[in-house]
Amino acid sequence: MDVIARIHDRARAAARRVVLPEGTEPRTIAAAAAAARSGLARITLLGRRDEIAAVARDKGLDLGPVEIAEPSGERDLDEAVRAYLERAGRRGITPAEAREHLKDPLLWGAVGVATGRWDGMVAGARSTTAATLRAALRGVGVRAGVSRISSFMLMLTARTDLAEGGLMVFADCGVNVEPTAVELAEIALLTAESAREFLPAAPRVALLSFSTRGSADDPRARKVAEAARIVRARAPELVADGELQLDAALVPAVAASKAPGSAVGGKANVLVFPDLGSGNIGYKLVERIAGARALGPILQGLERPVNDLSRGCSVEDIVDVVAITAIQAARPRS
């Protein structure tokens, strides 16, 4: 059974409710129909019923069991405002401002996830990452013990000799521009937790740099080495190493020369990039030149799952991220 089939089976078993707030976006409507037909989750589209139905008719789509939800009066709005103010009121947001904010369907969906109406949310086919993150932070919030959210990409490559039959996790490719050593360590720890959820083997985390074990004396390399030290101190049971160059992380012969004795060298299945520039460029290079599939960015560190999509996503991508979101929603909450 391939990776995606396993993810879909786990999503079906989870039986969660996932909301898609960009309810009139054509790829999203097609993905809702496909995900519901496959039983990956109970799907809700947010938006005007007549507009969604018109797109579905135009595309020849049967929405079947897909729920269509739109605010239906003052009672719905009052409940959403009350729930939103419980999370955002301490920032000085007034009830009038809350009502204005909740005109954004992304925020409406995120508040619904926070209150338990839905178990998770997927957006970004039409909206920017910034808009999705803003809704997630305002409506759901960061999990206890996490200082800031980050993201990972689930990478499916044709290189079966790498990692777990070509399956790898990359982070952070979508959120943190220039993390400090402490923030980078937290990204590595959260990504290892995510990897345990989606990889068939235990995480082996490489914190990447242009330097391997001090081969270049530069503040940016030292930052990665310090992040690796923090990771080892906080999670001594985790197999992690850094700073490592990419070839030392993935190629056993290079690791034997550059990082002898490393438990990660040559066999990393989790790659943690030192900044957003390298992470975003790195995953897109692997996707566009090597033909890998990149699922995500999948957000981590939130109280409940909200996930982003690339605006260039396909219907298939949305369906797969819905399945990933359902699996995250089934994780026991601490």
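Side chains included, hydrogens not; waters and symmetry mates left out as well; all remaining heavy atoms used.
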Looking at every non-hydrogen atom in both residues, tell me the closest pair between [X] and [Y] and how far apart they are.
X      : Y      : result
Ala123 : Pro21  : CB-CG, 3.8 Å
Arg42  : Ala15  : NH2-O, 3.1 Å
Ala30  : Leu61  : CA-CD1, 3.6 Å
Leu250 : Leu271 : CD2-CD2, 4.3 Å
Ser278 : Pro274 : OG-CD, 3.4 Å
Val264 : Leu244 : CG1-CD1, 4.1 Å

Could you see if [X] belongs to whatever hydrophobic cluster contains [Y]? Use Ile, Leu, Val, Met, Phe, Trp, Tyr and a side-chain cutoff under 4.5 Å.
X      : Y      : answer
Leu40  : Val18  : no
Val286 : Met153 : yes
Leu190 : Val306 : yes
Val182 : Val142 : no
Phe152 : Leu238 : yes

Are any non-hydrogen side-chain atoms of [X] and [Y] less than 4.5 angstrom apart?
X      : Y      : value
Ile4   : Leu156 : yes
Val140 : Met121 : no
Trp118 : Leu46  : yes
Arg311 : Thr128 : yes
Ser127 : Leu106 : yes
Ile7   : Ile327 : yes
Ile29  : Lys59  : no
Gln328 : Ile298 : yes

From CA spacing to verdict: side-chain contact (heavy atoms from CB on, under 4.5 Å), Asp320, His8: CA-CA 8 Å; Asp320 292 341; His8 284 197; 2.8 Å; yes

Point-to-point distance, once rounded to the nearest 0.5 Å, from [atom1] of [X] to [atom2] of [Y]:
X      : Y      : atom1 : atom2 : value
Leu302 : Asn307 : CG    : CG    : 8.0 Å
Ile149 : Leu137 : CD1   : CG    : 4.5 Å
Glu70  : Arg49  : CD    : CZ    : 6.5 Å
Phe198 : Leu295 : CZ    : CG    : 9.5 Å
Glu25  : Leu45  : CD    : CG    : 10.5 Å
Leu285 : Ile289 : CG    : CD1   : 5.0 Å

Between [X] and [Y], does any side-chain donor sit less than 3.5 Å from a side-chain acceptor?
X      : Y      : value
Gln300 : Ser194 : yes
Glu183 : Ser147 : no
Ser150 : Asn176 : no
Thr28  : Arg126 : no

Thinking salt bridges, do [X] and [Y] make one under a 4.0 Å N-O criterion?
X      : Y      : result
Lys258 : Asp247 : yes
Arg293 : Glu316 : yes
Glu193 : Arg143 : yes
Arg12  : Asp9   : yes
Asp241 : Arg213 : yes
Arg204 : Glu164 : yes

task: Starting from the C-alpha separation in whole Å, work towards a yes-or-no answer on side-chain contact (heavy atoms from CB on, under 4.5 Å) for Thr191 and Val205.
output: CA-CA 9 Å; Thr191 306; Val205 180; over 6 Å; no

message: Just to verify, which of Asp50, Ile52, Thr44, Ile43 counts as forming a side chain to side chain contact (heavy atoms under 4.5 Å, CB included) with Ile68?
response: Ile52

Mark yes or no for whether [X], through its side chain, and [Y], through its backbone, hold a donor-acceptor pair below 3.5 Å.
X      : Y      : result
Arg304 : Asp119 : no
Arg148 : Ile187 : no
Glu186 : Val146 : no
Arg16  : Ala14  : yes
Asp172 : Leu184 : no
Asp275 : Glu178 : no
Glu243 : Leu207 : no
Arg138 : Leu107 : no
Asp58  : Val55  : no
Ser215 : Ser211 : no

message: Evaluate Arg10 against Glu197 for side-chain contact (heavy atoms from CB on, under 4.5 Å), listing each step before the verdict.
response: CA-CA 11 Å; Arg10 291 177 62 198; Glu197 205 160 31; 4.0 Å; yes

field: Neighbour count >12 (heavy atoms, 6.0 Å) for atom CZ, Arg196
entry: yes

Test log, rule side-chain contact (heavy atoms from CB on, under 4.5 Å), inputs Leu309 and Thr132: CA-CA 9 Å; Leu309 298 159; Thr132 303; over 6 Å; no

field: Residues Lys223, Glu226; criterion salt bridge (charged side-chain N to carboxylate O under 4.0 Å, His left out); working and verdict
entry: CA-CA 5 Å; Lys223 177 187 83 169; Glu226 173 62 11; over 6 Å; no

